[in-house]
Each structure stands twice: as C-alpha cells, then as structure tokens.
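One structure is given below, encoded as structure tokens.
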There are 2 protein chains.
Amino acid sequence: MADSLTDSIQDYLKVIYELTENGSAASNTALAARLHIAPASVTGMMQKLASAKPALVEYRKHQGVTLTARGKRAALEVIRHHRLIEAWLVQTLGYSWDEVHNEAEKLEHAISEEFEERIASAMGYPLRDPHGEPIPSADLIMPEDQGIELAKLHPKQEACVQRVHAQDAGFLKHLEELGLVIGARMKVLDVSRYDQVMHIQLRGRKEAIAVGPAITNRVFVEISK
Amino acid sequence: MADSLTDSIQDYLKVIYELTENGSAASNTALAARLHIAPASVTGMMQKLASAKPALVEYRKHQGVTLTARGKRAALEVIRHHRLIEAWLVQTLGYSWDEVHNEAEKLEHAISEEFEERIASAMGYPLRDPHGEPIPSADLIMPEDQGIELAKLHPKQEACVQRVHAQDAGFLKHLEELGLVIGARMKVLDVSRYDQVMHIQLRGRKEAIAVGPAITNRVFVEISK
DNA sequence: ATATATATTTAGGCTTACCTAAATTATTAT
DNA sequence: ATAATAATTTAGGTAAGCCTAAATATATAT
C-alpha cells in the first residue's frame, strides 16, 4: 500500500512524477530544488527508493530517475489526494484558489482512502481541481490533458482558460486580478515581435502580458474556433 | 507557537492532559501504555519537555509529570483540533461516531489555524464533539463538565446521556446497539448488590449492564429530576 | 583535446524518537 | 524492617532523513 510510505517519500515521488511528465528523467538537482533539500540528500534517497523491496524508482548514477509502475501509482495517489482536497477546501469551506496549496500539502498525507472517497463522492467526483488541473481517477489514471500553452496562441485566436500550472499564492492572486481565471474567455489581439509582449482581450478589457515562463507558459487554454 | 511542536510531542501533551485531568500527576508507565511506547522512551521525552526553552512539562524523577501553562495550552489546541474534526466528519461527511477517532488522530496534526476556524464557523461553533466531549474554546478554555458517571446513579433516577468517554470503534458500536447514544433518555431500574449488574430502561426496553470500568464509568449523564 | 565549470556522489555527522537490557529507586507484603 | 515486586531511569543502540565538505564524473568552451 502507498500508505506505508512516509510523508517525505510521498513528496519525492510526487515531484518526480511532475518532473518526468514530459518523458525525460528527473535530475537530482531539479528534485533538490523543488524539495528544498540538498542535492546530496536526494542521491541518498534515490538509492534507497531504487533498491526498495518493490522498487519505486528507476535510477542510474548521473542519469536521473524515473518512476516504476509502483512508484507512479503511489505518486498519483498523493496527487489525487492533493487535488481532491484543494477542490474540497474551495467548494465547502470557501477557500480561494490561492490559499489551498499549502493546506493541501499537509492534508494529502494525513487522509485515509475512506476520507478520499467521501469527499470525492460529496463533490460528485470532480474531474479538475480549482486550478483546472486534472484529478487522477480512483483507479489512478491521469486524464489526458489537451490544453495548449497560452504562449502558443496566434493573434485573432479566441480561447477559454482551462488550467493554470502554479501554486504561489501571490502569483495566483495576480492572475485573478488580471482576469485570468478558470473558464475565462479571451482573445489574442497581437504579439509584439520585439519585446515579446502579448496583448489579450479579457472581459472587455485589454491586458498586456509578457510571453515567457512567468505567465504564458503556465496558463493553458482550450481554443474555441 | 504550538505549531512548531512535532506530532509526537503533541501526542504526549494530549495524553498528559487527559491523565492529569483528575488533578494527579501522570506516571510514565501510564503514558507509555496510552502511547504504545516503551516506558524508557517516555522518561527520555519527559526530560526533554521539562528542559525545553519554554518548559512544557513539570517533571520530577519517579514523581510523574504535569503540564505547565504552556504545555496545557498546546494540549488544548490539539484536543480542540481533534474534537472539531470529529464533529466535522460526522456533520458534513456522514461518518458515524465510531469511525471518526482514527481519522481525527491524524488530521489533528495536519490542519492550520485557518482550517480550524473555518470548520468551527461552518458548524456554528459547536460545544461538543460526536461523543459529547466538550470542545475547548478558541482561546483554549476547556468548558466545565458537570456530567455524572452512570455508575453513580441510584434506582429510580432518570437521566440523559451526555457524554461517552471512549474511542474504540467496536465498543462505540456496542453502545449504539444498546441505545446508549448522546441525548438518549434513560431510567435506572435497580442495581444488584451482589453481581453489580445495573438494569436500565432505554427507549422502552430493559437493558442489563455491568457496573464497572467497561461501561458505567465511561458513560456520563445529566440527571433530570 | 584540454581546461574549466557544473552536476553528482561519497563520506562522515547530526537530530529525533524510538528500542532493549541492566541498574536503580519506590512500593508492598510479610 | 526487610525481602520481594513493580516502576522508573540510565546506558547504549538503531533507523530515518537530513546536513556539509570533499571527491569524482560529466558537460562545455576554447
């Protein structure tokens, strides 16, 4: 059971999952940065997880890590917990989307399968969390996500905000002020070739945002022809 | 802040609070038993808590421990969390009173003050948990409890079940089958002087229960003249 | 191809919170 | 009061998960 894994190990697996979603292996340095831990500590943990009774991780020195089927399942279990809890906090306790991450980060390790099932059922088995991120199903399948990076849009295209890949409270508040919330309709007006500023139409207003990792690479949209 | 205390230490403080509610000091053996830990380990922890920067515990060798004001506050914080969560699980997720203890035992360490306030507010600031146990106020005052042990009742007295001091699921289920639930009205018919069996009238039926630590010392009632 | 820079691993240490076994102190019974 | 019993403490040890500093491997630039 994933339940016999420590909080710490669950955190490692979750981050490895995220870093390997693009198909590449995760480097120890990247892991260390995300977990706020020294790189040397990551090495030790990777050796441990790779040689665990059922290995959770595939690891070769200097090559980075990937998850085994078992490790992936454990990671998805944690991610499912996290996203269900975020949805629960917003829907039943009136949290805003910028407040839920830290709370869920602790609760995800503390809830039982029973609790998971009860909140999922109470919410009618939601498919996405408050940031639009897909929630893995109870049998731990991560839904395919066909959203497109805002950065990839061309002028005149219209789209709906589907999902925001971020957790920093300040940043999320900023997006909200901008009007970039889940479901918002928007239209690209133009993109300056020189300073990479994108102008978009949002709820009747014109906003300017920089193309790059800050915003446009974190906001995913669904194009509406 | 109480939040800088580890889960383990919070558990110690909570149990010390319970064991010292009667005014006496808590023995290391009693603590060890409740925490499922070796007595020697308790000794070490008591030494640590007693010599902490702000001491959490008053401790003298072979004499047992009591809580300092600070330790008591930390204990009440954990107990408040625990009982609010139990109430929350029952009221909003349909848990039964025998299922909530273990879940709350983990969640009590994971929630923030923000979360505490939000569920308390959502429930209208309840005064008791699903077992009738009083919930410490937000400023950490434990309400006086004037309930009387069922064992102390005399024949012909009528009373309401106010509170049940127990957490074992099987035992709680048994009480429920017996009809000994919070708020139930009951009347003592007689108590056998020889085998210490108490006969009580409950929802029209006559039930026999042994006087002693199993049931009658754990069920507290409010006498209605 | 070699020097430099960066990433990673090894080695040795630390803290927390537990353990067991042995020694000590307190309690109880005679 | 003393012996037997029970409770408690001391001493020494372990496993997790982290750390820093030094060593090594890989990648990059000239």
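Order of the sequence lines sets the chain letters (A, B, ...), proteins ahead of strands, with each chain counted from 1.
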Whole-Å distance separating the [atom1] atom of [X] from the [atom2] atom of [N]:
{"X": "B:Gln63", "N": "C:dA26", "atom1": "CD", "atom2": "P", "value": "7 Å"}
{"X": "B:His36", "N": "C:dC18", "atom1": "NE2", "atom2": "P", "value": "13 Å"}
{"X": "A:Leu5", "N": "D:dG17", "atom1": "CG", "atom2": "P", "value": "10 Å"}
{"X": "A:Asn28", "N": "C:dT6", "atom1": "CG", "atom2": "P", "value": "18 Å"}
{"X": "B:His62", "N": "D:dA6", "atom1": "NE2", "atom2": "C1'", "value": "12 Å"}

With a 3.5 Å cut-off and no angle check, do the side chains of [X] and [Y] form a donor-acceptor pair?
{"X": "B:Glu207", "Y": "B:His199", "result": "no"}
{"X": "A:Tyr95", "Y": "A:Glu103", "result": "yes"}
{"X": "B:Thr68", "Y": "B:Glu58", "result": "no"}

Can we say A:Asp145 and A:Arg128 salt-bridge, meaning some charged N sits less than 4.0 Å from an Asp/Glu carboxylate O?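 Yes, charged N to carboxylate O under 4.0 Å.
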
Look at the side-chain N and O atoms of [X] and state whether any lies under 4.0 Å from the OP1 or OP2 oxygen of [N].
{"X": "A:Tyr12", "N": "D:dC18", "value": "yes"}
{"X": "B:Lys61", "N": "D:dT10", "value": "yes"}
{"X": "A:Thr6", "N": "D:dA16", "value": "no"}

I'd like to know whether the aromatic ring centres of A:His165 and A:His131 sit less than 6.0 Å apart in this structure.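 No, they do not, as the ring centres are separated by 6.0 Å or more.
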
Residue whose nearest DNA chain D nucleotide is more 5′ - B:Gly64 or A:Ser8: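 Nearer the 5' end of the strand: B:Gly64.
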
For DNA chain D, which residues in residues 37-58 of chain A have a heavy atom at a distance below 4.0 Å?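 Under 4.0 Å from DNA chain D: A:Ile37, A:Ala38, A:Ala40, A:Ser41, A:Met45, A:Lys48.
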
